[in-house]
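One structure is given here, and the rest of the page talks about it.
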Amino acid sequence: MPVSLHFCVVKNEIMIRTVYYLLCAGVLLFSTACTHYYYAPNTLQTPFLQKRGDMRVSAGYIAGDEFQGLELHAVLSPVRYGAVMVNYLDVRNSGNNFSSNNDWGKGQLIEIGLGGYYPATDKLSLSLFAGWGGGSVLNAYDQDARADLRFQRRFLQPGLAVQGRWVRFGAALRLNQLQYVRGDINYAIGEPHITTITRIEQQSPHFVPESAFTLGVGTRPFWVNMTLNTNHKADRTDLGFAEATFGIALFCELDYFWREQTSGAASKSE
Amino acid sequence: MKKLRILLPLFGVLLLAAACNRDADFNYYYYEPEDYALISQYLNLPDRPDNYQSELPKHLSAMGLATRPVDQDKAILGRVLFYDKHLSKDGTVSCASCHRQELAFADDKQVSTGVFNRAGDRNSIALGSVLSFSAYYGTDLFGSSGIPFFWDNRANTASDQNISSMTNPKEMDMTHADIVTAVQTQPYYEPLFRMAFGNGQITSERVSEAIAEFVNAIGSFNSKFDHEAEKSLGYNVYSNLEFNSFSGFTDAENRGKLIYLNNCASCHSPTQGRPPKIKANNGLDAATVDVGVGGITNSSYDMAMFKVPLLRNIALTAPYMHDGRFATLEEVVEHYSSGVQAHQNLSPELLVNGTPRNLNLSAQEKSDLIAFLHTLTDEQLKTDQRYSDPFK
């Protein structure tokens, strides 16, 4: 290694600094196992709801920095201006080449939201949901040491959706109160993880503001939605909260199928 | 249907309210309960593991020094091994016999005594600051710019070092096989090895690795000097140390600091972080008595050269020098003031025009310098529970 040869003659601490930083960079590259997350934003739904009986489901892939998974979404309007949504998320650490098999993480979340919507025009729909759900995050570190955290999340989510013939667009804000309710943590996971988790414990419940932008292409009833979800909590990295996720989902307007036969009846009942 | 329309949002609000605030109920655990019960019959180890990852004070990190990550499971095991007398031939000596916590991990004998009361060759070295220089060690990348161990620099890593202590007939006098047997017969080690290495297998390499992890983690940065240096930290650490009086120092300590920076720091380090020189001859004798580093390198330029020790906790670690010849700091200062001998390898810092440079300090200057050396003592280290004897 030419670097170390060159520095054989180094006599004082200032010059050592340079080589040390080089080493640190090397250590960072080679020794960090996968990043461990304790929270990641799931994709925000921005449903384009127009009338009673509207029902949408979607299934998609979600990914963040070093993790990825599956999402299922559904939203239904049982009454005019009222809607119910359900979200499910399952993510796993995708790991990297340097981490051992003992080093992984996974998370799950299921939640329900109730809300109202207002079809401002036939192209624009505004909505507001309030929701509640919970989930778990399990991380495993070297030596099989684990940290198992359970959380509950409540949220308020204003959003809007614009839908044309070939494209749709959605934007939403989600204000979460994220509360960790239980944890089983093996101290053997070591630092810095212990410090991060104690911080999570002490600061819980956390206020987590998130935003999302969706772009969809397709046409009724099938769309492909791409959503970028961003976590705006200022100290997210100190807490091991993922900064952003990207979702791509196949989205289907189920109501389209039965509306074909009963379209007149459905709107008349309103 | 109308009713439902109103009920839905209402229900939403209720949902929110129902999930009322609960405190997080986090349960941290480390040992399996039966392991902990077994360990606790012999040892006072906390159920929550100690954190051995220290942070360097800012005046050291600003110099580019950094600690390396500590494996706390290994350090916990290493602490037990460090204090375990079973690791010596006659069962009377542990590392801690010659490296006593209350003396900043040095001892108070001129030369240390090992098993069967055998006298060693040299004075014990304080371990209170290994952390600040071992950070560079254990990697080949640093080659010769790391700080080796022992008065004669004969060990490159803390692991080389401790194997050598355990097998030295004048210290613990064990063979590798003895070490393994001694450890295997103690019931508390199986769970501790399992925590540290994933399984309970005991080998002399693992013993050595664990002790090294503990020794490398010993850090002592809570001296008066550290607190003041950290406070006065500016852009240029060196000039700030030199030109700023420390507000928390007495006048004598501040004057002593200047004498130190001008005459001693070029070898012993201005920040007490890492000695700038790895070896030197400080003029103890005109002729070679102990060959020192020369005995390892066989170079005539290294004869009577010795490791330059850090002076952290120096007030606690008398007697002084590799042979413990000076009983007090007064004697040490007198040596630099008037006793520097013209050895052929006397280091340039202690030479003027080819002759020994005696500082000729006044009585006032001597006591100022000693006052400064006392600011290097870290009282917390003496009782830090993480480094203390865990045996019941």
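Hydrogens, waters and symmetry mates are skipped; everything else that's a heavy atom, side chains included, is used. Reminder, nothing fancy here: chain letters follow the sequence lines and each chain counts from 1.
Relative orientation of the B:F193 and B:Y189 rings is perpendicular, given thresholds of 30° and 60° on the angle between their planes. Between A:H193 and A:H36, the two ring planes are perpendicular [angle over 60°; tilted spans 30° to 60°].
For the set B:Y30, B:Y52, B:Y29, B:Y31, the count of heavy-atom pairs under 4.5 angstrom toward chain A peaks at B:Y29.
Using a 4.5 Å cut-off between heavy atoms, A:T195 makes no contact with chain B at all. In this structure, the portions of A:I197 lying under 4.5 Å from any heavy atom of chain B include both its backbone and its side chain.
A side-chain N or O of B:D302 and one of B:T297 form a donor-acceptor pair less than 3.5 Å apart. The closest side-chain donor-acceptor pair between A:N87 and A:E111 falls under 3.5 angstrom.
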